[in-house]
Amino acid sequence: MKKFSFDLRHTSTKLIVASLLFASSSTPLLADTNEKVRWKVQTVFGTNLPGLGDPIALVAEQIKTASNGNIQFKVYEPGKIVPPFAITEAVKNKQIPAGLALLGYDQGKIPASALLSHVPFGMEPWEYSAWWYDGEGHKLAEDLYAKHNIHPVLCGIIGPETAGWFREEIKSIDDFKGLKIRFAGLGGQVLQKAGASVTTIPSGEIFPSLEKGAIDATEFSMPAIDQLLGFDKVAKNNYFPGWHQTFTANHLVINKDVWNELGASNKAMINMACTAGTLRALTRGEYLQGSIVNSFAEKGVNARKLDDSILATLKSYTDDVMREQSGKDTDFKRIYDSQQSFMEEYKSWKRLAYLPRDF
């Protein structure tokens, strides 16, 4: 085997050696080895909820192992430190360094935040992921939340929710008039245009409200999650498709000062862990739903589809809501226009590339 050696008398060799020494002394991987990250991370959803809540526990476990213990998240269940809807405010004020949040719950203070978590008649989860990672998504989100001293990292995504659990059948758009329903985000504004009485309450309060008749119907998530919360025991009509929430994205929100103090390798480790967590959330969510839907009949649950005429009216109301919100808030318009532009570009591929399920 031929041996390689450097002749330090040559200028080119001296430059190579000098550059190697400089690189090794300045590489972030070496600089970060003594940096310990110990974060309290409160999650917005319970870690018992598959795909929606449990990925952050997996992220915490994997990042601790991969970093050889340098990065450790202590995950707190909803409400253990701050109320579930107050996570980003707590992170902004350094009450906690980080949290797993549904950004749409910030809609009252940051209208455009709703577009980052779920959008009526919006993208499918892999579409949103493409827009986030390779399109404008992450930059637009970072710019939006930089104003609030927060750095957002996509850290979980699942597929469409159901259109809701109802005590009575929905046969026309008029059946929404006067209906007391738990609904979140922009979809709730759409249903208000249909005449519904909309409320947003945390997951733990939904079942007792439904059981006592304080609400007539509810949406929350996918069937595997909704059955854990007991909706199928009270409301026997589960409607599809989930027009109001075609994806649900969760984000690790980090105080921006805390994020900026991290070394480059620890930032990269957190980004990689959350990217893996995003994929695992999607696969877990998709894996579970078929068996749950197939068990509906034995539980007396009716899986129903909203009539196309109802969906067409809801889409018309959605367009109205989006125009109104875009007119009120420039950040909302910027992000919504970006999403719509990507969807328009993507649909030619989507239409041509994928087999219909008849084959």
Side-chain angles (χ1 to χ4, degrees), residues 52 88 101-148 150-161 163 183-191 193 219 221-222 241-253 271 274-275 278-279 281-282 285 311-312 314-354:
L52 187 64
T88 52
L102 184 78
L103 296 182
Y105 288 154
D106 296 334
Q107 188 177 351
K109 295 181 179 179
I110 311 172
S113 65
L115 298 169
L116 302 174
S117 57
H118 40 67
V119 181
F121 295 93
M123 293 183 267
E124 291 171 345
W126 48 88
E127 260 182 293
Y128 177 91
S129 301
W131 173 76
W132 177 273
Y133 288 118
D134 295 290
E136 297 180 312
H138 68 283
K139 178 65 165 57
L140 289 169
E142 288 167 12
D143 289 348
L144 178 67
Y145 271 88
K147 303 171 187 177
H148 303 274
I150 286 172
H151 178 77
V153 179
L154 180 61
C155 209
I157 195 165
I158 58 174
E161 296 186 347
F183 232 73
L186 293 164
Q189 295 182 34
V190 173
L191 285 191
K193 285 188 174 292
E219 58 77 50
S221 190
M222 306 173 94
W243 60 271
H244 65 296
Q245 206 154 322
T246 55
F247 69 90
T248 300
N250 293 325
H251 295 78
L252 184 69
V253 289
N271 281 329
C274 274
T275 301
T278 298
L279 177 62
L282 180 58
L311 289 173
L314 291 172
K315 177 62 166 68
S316 176
Y317 290 156
T318 295
D319 292 342
D320 291 341
V321 167
M322 295 307 186
R323 277 192 296 269
E324 291 166 6
Q325 292 297 321
S326 293
K328 294 176 184 176
D329 187 85
T330 56
D331 288 324
F332 189 101
K333 185 177 189 309
R334 186 180 301 112
I335 295 174
Y336 186 63
D337 286 351
S338 174
Q339 291 180 341
Q340 291 297 298
S341 176
F342 178 73
M343 288 177 70
E344 181 65 26
E345 181 181 76
Y346 178 77
K347 72 180 181 182
S348 58
W349 163 253
K350 181 179 177 180
R351 183 177 62 250
L352 292 170
Y354 291 96

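Remember, predicted model here, so these are calculated numbers, not experimental data. Just so it is clear, the values below take in all heavy atoms, side chains as well, and ignore hydrogens, waters and symmetry mates.
- Classified by interplanar angle (parallel below 30°, tilted 30° to 60°, perpendicular above 60°), the ring pair H244/F183 is tilted.
- Without hydrogens or angle criteria, Q339 side chain to G122 main chain gives no donor-acceptor distance under 3.5 Å.
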task = Assess whether side chain to side chain contact (heavy atoms under 4.5 Å, CB included) is satisfied between V119 and T318, documenting all intermediate values.
result = CA-CA 9 Å; V119 181; T318 295; over 6 Å; no
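- Between the Q245 side chain and the S221 main chain, no donor and acceptor come within less than 3.5 Å of each other.
- Under the 3.5 Å distance criterion, the side-chain polar atoms of Y128 are matched with a main-chain donor or acceptor of L116.
- We find the CG-CG distance between L314 and L191 to be 6.5 Å, quoted to the nearest 0.5 Å.
- N271 places no side-chain N or O within donor-acceptor distance of the main-chain N or O of V153, the cut-off being under 3.5 Å.
- Residues E127 and F342 come closest through the heavy atom pair O-CE2, 3.5 Å.
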inquiry  = Set out, in order, the CA-CA distance, both residues' side-chain angles and the distance that settles salt bridge (Lys or Arg N to Asp or Glu O under 4.0 Å) for D319 and R323, then state yes or no.
reply    = CA-CA 6 Å; D319 292 342; R323 277 192 296 269; 5.1 Å; no
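- Contact record, T88 with Y145: CG2-CE2, 4.5 Å, taken as the closest heavy-atom pair.
- H138 places a side-chain N or O within 3.5 Å of a backbone atom of W132 that can act as its donor or acceptor partner.
- Interatomic distance, I150 CD1 to H251 NE2, rounded to the nearest 0.5 Å: 12.0 Å.
- Judged by distance alone, the side chains of Q189 and Q325 do bring a donor and an acceptor atom under 3.5 Å apart.
- Across every non-hydrogen atom of P160 and M222, the tightest pair is O-CG, 3.6 Å.
- Smallest separation of non-hydrogen atoms from T246 and P125: O-CD, 3.7 Å.
- Checked against L144 for a side chain to side chain contact (heavy atoms under 4.5 Å, CB included), the options D106, L103, I110 give a single hit: I110.
- To the nearest 0.5 Å, atom CD1 of residue I157 and atom CG of residue L282 are 7.0 Å apart.
- Between atom CZ of residue R334 and atom CG of residue L115 there is a gap of 12.0 Å, rounded to the nearest 0.5 Å.
- Taking each heavy atom of Y336 and S326 in turn, the nearest pair found is CD2-OG, 4.2 Å.
- The OG atom of S341 lies 11.5 Å from the CH2 atom of W131; values are rounded to the nearest 0.5 Å.
- For the atom pair CZ (F247) and CD (E124), the distance works out to 11.0 Å, reported to the nearest 0.5 Å.
- C274 approaches L154 most closely through the heavy-atom pair CB-O, 3.3 Å.
- Partners of S117 according to the side-chain hydrogen bond (donor to acceptor under 3.5 Å, both in side chains) rule, which considers only residues two or more places apart in sequence or in another chain, do not exist here.
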ask   = For F121 and V190, what are the C-alpha separation, side-chain angles and deciding distance, and is it a side chain to side chain contact (heavy atoms under 4.5 Å, CB included)?
value = CA-CA 11 Å; F121 295 93; V190 173; 5.9 Å; no
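- Using a 4.0 Å cut-off between a side-chain N of Lys or Arg and a carboxylate O of Asp or Glu, D331 and K147 qualify as a salt bridge.
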